[in-house]
Amino acid sequence: MSSYENILTETRGRVGVITLNRPKALNALNDATMREVVAAATAFDADAGVGAIVLTGSEKAFAAGADIKEMSSQTYDSMYAADWFAHWDNLTRLRTPIVAAVNGYALGGGCELAMMCDMLIAGPSTKFGQPEINLGVIPGMGGSQRLTRAVGKAKAMDLCLTGRFMGAEEAERSGLVSRLVEADEDVLPTALEMAETIASKSKFVAQVAKEAVNVAFETTLAQGIQFERRTFHALFSTHDQKEGMAAFVEKREAKFEHR
Ligand SMILES: CC(C)(O)CC(=O)SCCNC(=O)CCNC(=O)[C@H](O)C(C)(C)COP(=O)(O)OP(=O)(O)OC[C@H]1O[C@@H](n2cnc3c(N)ncnc32)[C@H](O)[C@@H]1OP(=O)(O)O
């Protein structure tokens with residue numbers, strides 16, 4: 001296990017695991033923490049031996065938001081000059097699928113960080129929210145945009161304008177959460193199992209599948225369908241398409257070589 005200052009990282013088989021580790025501040029996301037998260041995830045992304053990443057926090061908090069103490073003295077000039085939060089978004093440009101394993105508070109930047117991941121697994125104690133309005137600001141890390149795409153205008157308006165917390169069941173019903181597990185202690189094992197399943201596939205086909213789903217958020221339906229069809233055609237130039245289909249016909253397990 002290698003450690004940074006604010007996170008822990010380890011590799012379990014073909015899964016890279018990043019654990020937020022600022023327990024005294026409920027994993028509040030200061031700039032240093034997010035630089036470490038992006039650096040660790042980028043290293044996993046570049047590692048041919050890693051097919052999926054899990055990002056998690058503690059049982060009490062995935063993350064209680066961006067670090068308010070770090071932000072409170074900022075000015076418009078300093079925020080603008082540093083383009084605050086711009087580099088945090090680099091997480092969304094990685095190609096390896098990322099599973100967020102979420103327990104406890106996922107508020108403000110914590111909710112936004114979970115939404116930068118590709119799938120969310122949550123436990124019954126999880127509380128999502130965009131309470132920035134209570135601090136005199138609005139979400140600044142994509143919350144008003146990604147939450148709206150995930151749960152629709154009605155609920156996003158409700159959460160961003162009242163600042164109320166949304167429980168795990170409501171989050172699952174609303175489409176924010178991929179899987180709601182029965183007990184908080186099942187969150188990480190379920191996320192790891194999901195990540196291991198993804199990592200057992202062809203790495204680049206999983207990456208292409210992620211890209212195709214994400215294209216749906218950026219284009220018209222016709223453009224998205226065209227992207228999907230052409231990408232589907234292109235996969236017939238790969239070893240893993242030949243192997244995957246041959247394995248089905250020969251009634252055996254596929255041995256993907258990620259090429
Ligand atoms: C990214 C943007 C632009 O979208 C903006 C944001 O993310 S703004 C932040 C949004 N998040 C919040 O507003 C939540 C703030 N935290 C809370 O409301 C509460 O801490 C709580 C409801 C999550 C938990 O309450 P409780 O159990 O009573 O614990 P506390 O004593 O409040 O907290 C323990 C400890 O953690 C520190 N803490 C908690 N959240 C943050 C935070 N976001 N930033 C910095 N520090 C945080 C809290 O101050 C306590 O530490 P001490 O002061 O005791 O040292």
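Counting starts at 1 for both ligands and their atoms, in listed order.
- Annotation for ligand 1: atoms under 4.0 Å from non-hydrogen atoms of G108 are 7 (O), 10 (C).
- In terms of protein heavy-atom proximity, atom 41 (C) of ligand 1 is closest to A28 CB, 4.0 Å.
- Look at D67 and R22 and you find a salt bridge, because one of the NZ, NE, NH1 or NH2 atoms lies within 4.0 Å of a carboxylate O, short of that distance.
- Side-chain contact between M245 and V249 is absent, with no heavy-atom pair separated by less than 4.5 Å.
- Listed by atom number, the atoms of ligand 1 under 4.0 Å from G140 heavy atoms are 2 (C), 3 (C), 4 (O).
- With hydrogens and angles left out, the side-chain atoms of N30 and T33 include a donor and acceptor closer than 3.5 Å.
- Residue-to-ligand polar distances place I68 within reach of ligand 1: an N/O pair is separated by less than 3.5 Å.
- Side-chain atoms of K210 come within 3.5 Å of backbone atoms of T96 as a donor-acceptor pair (strictly under, hydrogens ignored).
- A 4.5 Å side-chain heavy-atom check between L147 and F128 finds every atom pair outside the cut-off.
- Using a 4.0 Å threshold on non-hydrogen atoms, atom 17 (C) of ligand 1 does not count as touching the protein.
- For the residues C111, A66, G142, S144, the heavy atom positioned nearest atom 6 (C) of ligand 1 is part of A66.
- Residues L113 and F62 have side chains in contact (heavy-atom distance under 4.5 Å, counting atoms from C-beta outward).
- Atoms of ligand 1 lying under 4.0 Å from any heavy atom of L135, numbered from 1 in the order shown and given with element: 8 (S), 9 (C), 13 (O).
- Only the side chain of K60 comes within 4.0 Å of ligand 1, counting heavy atoms alone; its backbone N, CA, C and O stay farther away.
- Close contacts between ligand 1 and L107 involve ligand atoms 14 (C), 23 (C) [criterion: under 4.0 Å to a heavy atom].
- Using a 4.0 angstrom heavy-atom cutoff, Q130 does not count as in contact with ligand 1.
- Protein heavy atoms come within 4.0 Å of atom 45 (C) of ligand 1.
- Under a 4.0 Å heavy-atom criterion, G143 is not in contact with ligand 1.
- Look at R95 and D47 and you find no salt bridge, because none of the NZ, NE, NH1 or NH2 atoms lies under 4.0 Å from a carboxylate O.
- Shown in contact with F85 at under 4.0 Å from a heavy atom are these atoms of ligand 1, numbered in order with element: 1 (C), 3 (C).
- In terms of polar-atom proximity, defined here as any N/O pair under 3.5 Å, G109 does make such a contact with ligand 1.
- Side chains of L176 and M115 form a contact here, defined as non-hydrogen atoms less than 4.5 Å apart.
- Within the 4.5 Å cutoff, the side chain of C111 has heavy atoms near those of the Q130 side chain.
- Nearest to atom 12 (C) of ligand 1 by heavy-atom distance, out of A25, P23, P139, A64, is A64.
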Got a list of side-chain donor-acceptor pairs under 3.5 Å for residues 187-197, not counting sequence neighbours?
residue	atom	partner	partner atom	Å
T190	OG1	D186	O	2.6
T197	OG1	E193	O	2.9

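- Nearest protein neighbour of atom 35 (C) of ligand 1, counting heavy atoms only, is K24 O, 3.2 Å.
- Side-chain atoms of W84 and D31 form no donor-acceptor pair, as typed in the model, at a separation below 3.5 Å.
- Less than 4.0 angstrom separates atom 54 (O) of ligand 1 from none of the non-hydrogen atoms of the protein.
- Residue N134 does not touch ligand 1, judged by heavy-atom distances below 4.0 Å.
- Counting only heavy atoms, the protein gets under 4.0 Å from atom 8 (S) of ligand 1.
- Using a 4.0 Å cut-off between a side-chain N of Lys or Arg and a carboxylate O of Asp or Glu, E253 and K255 do not qualify as a salt bridge.
- Distances from atom 52 (P) of ligand 1 to the heavy atoms of M34, R22, K127, K69 show the closest one on K69.
- For atom 30 (P) of ligand 1, no protein heavy-atom neighbour is present inside the 4.0 Å cut-off.
- Distances from atom 5 (C) of ligand 1 to the heavy atoms of M141, E112, E132, E70 show the closest one on E132.
- Within the 4.5 Å cutoff, the side chain of L20 has heavy atoms near those of the V37 side chain.
- Put simply, the side chain of R164 never gets that close to the backbone of L159: no donor and acceptor are under 3.5 Å apart.
- Of the protein's non-hydrogen atoms, the one nearest atom 33 (O) of ligand 1 is L26 CD1, 3.7 Å.
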